[in-house]
Enquirer: 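Below is one structure. I have some questions about it.
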Amino acid sequence: MTEHPAGTTAASAVNGTNAAIDSTKPHSARMWNYWLGGKDNYEVDRGTGDEIKRLHPGILDYARADRAFLGRAVRHLAGEAGIRQFLDIGTGLPTADNTHEVAQRVAPEARIVYVDNDPLVLTHARALLTSTPEGATDYIDADLHHPGVILDQARKTLDLSRPTAVMLLGVAMFVADTDEAYRVVRQLMDAMPPGSYLVLSHTITGPGLEDVDEAVRFWNAVGTPKLTQRTPEQVAGFFDGLDLLEPGVVSCSRWRPEPAPFGEPEEAEEVAFYCGVAHKS
């Protein structure tokens, strides 16, 4: 999970707690780290990642588009929207431009709490997820299936009576039951005051995405944790009761796109990874 991702997208926030690092099975957070050019992965992650790229060559576009979406969304929220608190669930392995780096570049006083429970993520979070003197950054070892625990721990760093951005990039797809996934997101957002935001991204399925479906079947046969694809309409369901910002629920590459930095490849026009940002009124 992040990326998050978050960091990179981190499914590990839904896959148990305090487990030992298992280098014999491919793991989603490490594989996304590999796709994004990181070094915090094992041979089994690289081999599985290469096979998924063979089945669905566009997967690298997903990773890049989700990462770019994180940056654009956080810059908007910390800037124009004035948000100073971020709860980033499914942090993933830290890489360039983590949530706190993007937010504190705009607002040095921003406070960020990361949530994950992969032991490798925890090791790197302690070393890399630092903060400006004016702000704060914390890390919670917790499971997305237990939003109450996350909220209780987050209150040690965040004032949840103030507007907060809840970030779920590429992590809700690792909650297998759709009703449960909706319930978790609702519980998190119900705990937030008006003026808060939900930032969410999710892999999709639909007509013409057979190569994506095949890559997911392969991953679920060999990797951990298993993921659940959802239709764009189901992804939109996570935002029920909230006010979606323009352009709505769209491909990550189409959420307020910006020109690529000099020397970087342009984003794909469309990826089978959808996202949205919504306001709680």
Enquirer: Please say yes or no: joined through hydrophobic side-chain contacts below 4.5 Å, possibly via intermediate residues, are Leu77 and Val106 part of one cluster?
Expert: no
Enquirer: Less than 4.5 Å apart, side chain to side chain, heavy atoms only: is that true for His56 and Trp219?
Expert: no
Enquirer: With side chain to side chain contact (heavy atoms under 4.5 Å, CB included) as the test, would you mind laying out the steps for Val199 and Leu169 before giving the verdict?
Expert: CA-CA 7 Å; Val199 182; Leu169 273 70; 3.8 Å; yes
Enquirer: Give a yes or no answer on whether the side chain of Asp45 reaches the backbone of Arg30 with a donor-acceptor pair at less than 3.5 Å.
Expert: no
Enquirer: With the 4.5 Å side-chain cut-off for hydrophobic clustering, are Val171 and Val149 part of the same group?
Expert: no
Enquirer: Looking at Arg84 and Ala78, would you say the former's side chain and the latter's main chain have a donor-acceptor pair under 3.5 Å?
Expert: yes
Enquirer: Tell me whether Trp35 contacts the main-chain N or O of Asp61 through its side chain, where contact means a donor paired with an acceptor under 3.5 Å.
Expert: no
Enquirer: Please tell me if the side chains of Leu87 and Leu160 come closer than 4.5 Å, counting only heavy atoms from C-beta onward.
Expert: no
Enquirer: For the salt bridge (Lys or Arg N to Asp or Glu O under 4.0 Å) test, which of Arg105, Arg67, Arg75 pairs with Asp97?
Expert: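 Of all the options given, the one that passes is Arg105.
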Enquirer: May I ask you to decide if Arg162's main-chain N or O and Thr164's side chain share a donor-acceptor pair within less than 3.5 Å?
Expert: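 Such a contact is found between Thr164 side chain and Arg162 backbone.
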Enquirer: Check whether the ring centres of Tyr42 and His27 lie less than 6.0 Å apart, and answer yes or no.
Expert: no
Enquirer: For Phe69 and Trp255, take the angle between the two ring planes, folded into 0 to 90°, and tell me which bin it lands in: parallel under 30, tilted 30 to 60, perpendicular over 60.
Expert: perpendicular
Enquirer: Ignoring hydrogens and geometry, is there a side-chain-to-backbone donor-acceptor pair from Ser201 to Gly170 under 3.5 Å?
Expert: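 Such a contact is found between Ser201 side chain and Gly170 backbone.
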Enquirer: Is Glu43 salt-bridged to Arg46, going by a charged N under 4.0 Å from an acidic O?
Expert: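 Between Arg46 and Glu43 there is no salt bridge, as every charged N stays at least 4.0 Å from the carboxylate O atoms.
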Enquirer: Step by step, would you call Leu151 with Met192 a side chain to side chain contact (heavy atoms under 4.5 Å, CB included)?
Expert: CA-CA 10 Å; Leu151 292 166; Met192 301 297 150; 3.6 Å; yes
Enquirer: So how far is it from Cys252 SG to Leu70 CG, rounded to the nearest 0.5 Å?
Expert: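 These two atoms lie 10.0 Å from each other.
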Enquirer: Among the clusters formed by ILVMFWY side chains lying less than 4.5 Å apart, do Phe218 and Ile204 turn up in the same one?
Expert: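 Hydrophobic grouping puts Phe218 with Ile204.
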Enquirer: CG of Leu168 to CG of Leu144: how many Å apart, nearest 0.5 Å?
Expert: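 These two atoms lie 6.5 Å from each other.
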Enquirer: Rounded to the nearest 0.5 Å, how far does CD of Glu101 lie from CD1 of Ile112?
Expert: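 Reported to 0.5 Å precision, the distance equals 10.0 Å.
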Enquirer: In terms of hydrophobic clustering (I, L, V, M, F, W, Y; side-chain heavy atoms under 4.5 Å; direct or indirect links), are Leu242 and Val249 co-clustered?
Expert: yes
Enquirer: Taking the side chain from Asn220 and the backbone from Leu227, do they hold a donor-acceptor pair closer than 3.5 Å?
Expert: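 At least one qualifying donor-acceptor pair exists.
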Enquirer: Working to the nearest 0.5 angstrom, can you tell me the gap between Arg230 CZ and His202 NE2?
Expert: 4.0 Å
Enquirer: Would you confirm whether Gln85, through its side chain, and Leu158, through its main-chain N or O, come within 3.5 Å as a donor-acceptor pair?
Expert: no
Enquirer: For residues Tyr139 and Asp116, determine if any side-chain heavy atom of one lies less than 4.5 Å from a side-chain heavy atom of the other.
Expert: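 Answer yes - side chains close enough.
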Enquirer: Can you list the steps and then say if His145 with Asp143 is a side chain to side chain donor-acceptor pair (under 3.5 Å)?
Expert: CA-CA 5 Å; His145 285 100; Asp143 185 327; 3.2 Å; yes
Enquirer: Just so I know, are the side chains of Thr130 and Thr137 near enough to count as touching, which here means a heavy-atom distance under 4.5 Å?
Expert: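 No, side chains not in contact.
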Enquirer: Nearest 0.5 Å please: distance from the NZ atom of Lys226 over to the CE atom of Met173.
Expert: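 So the NZ of Lys226 and the CE of Met173 are separated by 13.5 Å.
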Enquirer: So Glu51 and Val222, side chain to side chain contact (heavy atoms under 4.5 Å, CB included) or not? Walk me through it.
Expert: CA-CA 11 Å; Glu51 177 61 13; Val222 302; over 6 Å; no
Enquirer: What I'd like to find out is whether the side chain of Val235 reaches to under 4.5 Å of the side chain of Leu200, using heavy atoms alone.
Expert: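 Yes. Closest side-chain heavy atoms under 4.5 Å.
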Enquirer: Identify the two heavy atoms, one from Ala65 and one from Val271, that lie closest to each other, and give their separation to 0.1 Å.
Expert: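 Minimum heavy-atom contact is CB-CG2, 4.0 Å.
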Enquirer: Between the main-chain N or O of Phe174 and the side-chain N or O of Thr228, is there a donor-acceptor pair closer than 3.5 Å?
Expert: no
Enquirer: May I ask you to test the Ser196-Pro163 pair for a side-chain heavy-atom distance under 4.5 Å?
Expert: yes
Enquirer: Does a salt bridge link Asp240 with Arg186, judged by any charged N lying under 4.0 Å from a carboxylate O?
Expert: no
Enquirer: Taking all non-hydrogen atoms of both residues into account, name the closest pair between Pro147 and Leu188 and its distance.
Expert: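 Heavy-atom minimum between the residues: CB-CD2, 3.8 Å.
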Enquirer: Quick one: do Arg256 and Val277 satisfy side chain to side chain contact (heavy atoms under 4.5 Å, CB included)? Show the steps, please.
Expert: CA-CA 11 Å; Arg256 305 189 180 188; Val277 178; over 6 Å; no
Enquirer: Please confirm whether the backbone N or O of Ala110 pairs with a side-chain atom of Gln104, one donor and one acceptor, at under 3.5 Å?
Expert: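 Side chain of Gln104 to backbone of Ala110, a donor-acceptor pair under 3.5 Å: yes, one is there.
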Enquirer: Considering non-hydrogen atoms only, spot the tightest contact between Ser161 and Asp159 and give its length.
Expert: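 Taking every non-hydrogen atom into account, OG-OD1, 2.6 Å.
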Enquirer: Ignoring hydrogens and angles, tell me if any N or O in the side chain of Tyr114 forms a donor-acceptor pair with the backbone of Thr99 under 3.5 Å.
Expert: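 Flag set: sc Tyr114 to bb Thr99 pair under 3.5 Å.
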Enquirer: Does any part of the side chain of Pro247, heavy atoms only, come nearer than 4.5 Å to the side chain of Arg254, both counted from C-beta?
Expert: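 The answer is no; the side chains never approach within 4.5 Å.
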Enquirer: Looking only at non-hydrogen atoms, find the nearest pair between Pro232 and Thr205 and report the distance.
Expert: CD-O, 3.7 Å
Enquirer: Dump the intermediate steps for side chain to side chain donor-acceptor pair (under 3.5 Å) on Gln229 and Asp213, then the final yes or no.
Expert: CA-CA 8 Å; Gln229 295 166 278; Asp213 297 341; 2.8 Å; yes
Enquirer: Would you call Gln234 and Tyr182 a side-chain contact if the rule is heavy atoms closer than 4.5 Å?
Expert: yes
Enquirer: Let me confirm one number: the CZ-OG1 distance from Phe86 to Thr157, rounded to the nearest 0.5 Å.
Expert: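 Here the interatomic distance stands at 15.0 Å.
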